[in-house]
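The sequence lines fix the lettering, A, B, ..., with proteins before strands; numbering per chain opens at 1.
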Amino acid sequence: NAGVTQTPKFQVLKTGQSMTLQCAQDMNHEYMSWYRQDPGMGLRLIHYSVGAGITDQGEVPNGYNVSRSTTEDFPLRLLSAAPSQTSVYFCASSYSRTAMNTEAFFGQGTRLTVV
Amino acid sequence: QQPVQSPQAVILREGEDAVINCSSSKALYSVHWYRQKHGEAPVFLMILLKGGEQKGHDKISASFNEKKQQSSLYLTASQLSYSGTYFCGTADVTGKLIFGQGTTLQVKP
């Protein structure tokens, strides 16, 4: 099993460009989520999904879109990148439909810089 | 709303003990603890469910007081490998996992 795979690992964007961060898991996990990590701010939840076809907003959803057409994939889209979106992005998944009672497995992260 | 962790940073000598606290203003169903090394992804340590249980993992243990919406992580006889940033994550009735701002732990020889 590969676990949670994120691509790309590094990305530089110009302000206003769009892109999609990919996240895939091969553990048949129901719950998937996206976090951004900024110095001193910890991990902040952007969007999450409790199963295919179901997504919801987290703490900092503005500027990001998600979809969940399959159990395995949970891409994060930046529609018009801004310097404030410079961050490290982590995708995580859990076995159950909620994150309440099972551990979260994290991908290795995507370091995004918007210039 | 993010849970609040304290302290923000701790510096220890090998063999010393540390306590990291996590509190929330919301009713909690579970508390998670993770450790992140520099440049790496967070790694799961333990999860505590409603019921006030205490869990242990080698010399690292944790408690969860659901009435006070608080959890504490106890690191005893710290080792160099314990260095990193520790995050508590809380899950409420919505089921989503929200993390605190992290506590940086540095263990010196």
Side-chain angles (χ1 to χ4, degrees), chain A residues 2-7 9-10 23 25 27 29-51 54-61 66 68 74 87-111, chain B residues 1-9 20-51 53 55 57 62 64 66 71 84-105:
Chain A
V4 180
T5 303
Q6 290 184 234
T7 55
K9 286 188 170 50
F10 302 94
C23 176
Q25 51 88 13
M27 298 174 282
H29 284 178
E30 291 283 352
Y31 182 93
M32 296 186 73
S33 53
W34 277 102
Y35 295 90
R36 60 176 290 174
Q37 184 171 29
D38 304 292
M41 304 293 289
L43 295 155
R44 291 184 292 171
L45 182 65
I46 304 172
H47 286 285
Y48 67 103
S49 169
V50 298
I54 306 170
T55 63
D56 206 345
Q57 296 182 349
E59 304 168 277
V60 288
V66 292
R68 184 97 179 269
F74 190 43
S87 187
V88 179
Y89 292 84
F90 285 101
C91 177
S93 70
S94 301
Y95 179 73
S96 67
R97 286 183 70 85
T98 77
M100 284 185 195
N101 56 5
T102 54
E103 68 178 278
F105 292 81
F106 283 82
Q108 287 306 302
T110 295
R111 186 173 295 273
Chain B
Q1 189 173 0
Q2 281 187 298
V4 177
Q5 290 184 231
S6 62
Q8 286 190 312
I20 300 171
N21 299 302
C22 175
S23 65
S24 173
S25 58
K26 291 186 170 184
L28 301 177
Y29 280 76
S30 65
V31 177
H32 300 219
W33 286 96
Y34 293 78
R35 177 170 61 206
Q36 184 181 32
K37 302 279 188 178
H38 183 69
E40 299 180 4
V43 173
F44 174 78
L45 291 175
M46 64 188 76
I47 183 172
L48 301 102
L49 306 179
K50 283 178 67 172
E53 64 177 291
K55 279 198 170 183
H57 181 267
F64 176 27
E66 66 196 72
S71 177
T85 301
Y86 289 78
F87 291 99
C88 74
T90 57
D92 60 17
V93 65
T94 64
K96 60 182 181 287
L97 187 60
I98 303 292
F99 286 95
Q101 79 278 22
T103 296
T104 301
L105 178 72

Fill in the blank from the handout: B:Tyr86 meets the side chain to side chain donor-acceptor pair (under 3.5 Å) criterion, sequence neighbours left out, with B:Arg35
Handout entry: Engaged part of B:Gln5 at the chain A interface, taking heavy atoms whose separation is under 4.5 Å
Key = neither
Practice task
Tell me, please, which residues at least two apart from A:Glu103 pass side chain to side chain donor-acceptor pair (under 3.5 Å).
Solution key: none
Practice task
State, to 0.1 Å, how close B:Lys96 and A:Tyr31 come at their nearest heavy-atom pair, and which atoms those are.
Solution key: CA-OH, 3.3 Å
Fill in the blank from the handout: Closest heavy-atom pair, A:Gly40 versus B:Gln101, reported as atoms and distance to 0.1 Å, is O-CB, 3.9 Å
Problem - Shortest non-hydrogen contact between B:Ala41 and A:Gly107, atoms and distance - result: CB-O, 3.1 Å
Fill in the blank from the handout: Heavy-atom closest pair (A:Gly42 atom, B:Phe87 atom, distance to 0.1 Å) is CA-CE2, 3.6 Å
Exercise for the section: Look only at the side chain of B:Tyr34 and the backbone of A:Ala104, and say whether a donor-acceptor pair between them is shorter than 3.5 Å. Expected result: yes
Problem - Crowding at CZ, A:Arg44 (>12 non-hydrogen neighbours, <6.0 Å) - result: yes
Exercise for the section: Write down the atom of A:Leu45, the atom of B:Leu97, and the distance for their closest heavy-atom approach. Expected result: CD2-O, 4.0 Å
Problem - A:Phe105 side, atom CZ; B:Phe44 side, atom CZ - distance, nearest 0.5 Å - result: 8.5 Å
Practice task
Taking B:Gln2 for its side chain and A:Met41 for its backbone only, find out whether a donor-acceptor pair lies under 3.5 Å.
Solution key: yes
Handout entry: Nearest non-hydrogen partners of A:Thr102 and B:His32, listed with the distance
Key = O-CE1, 3.3 Å
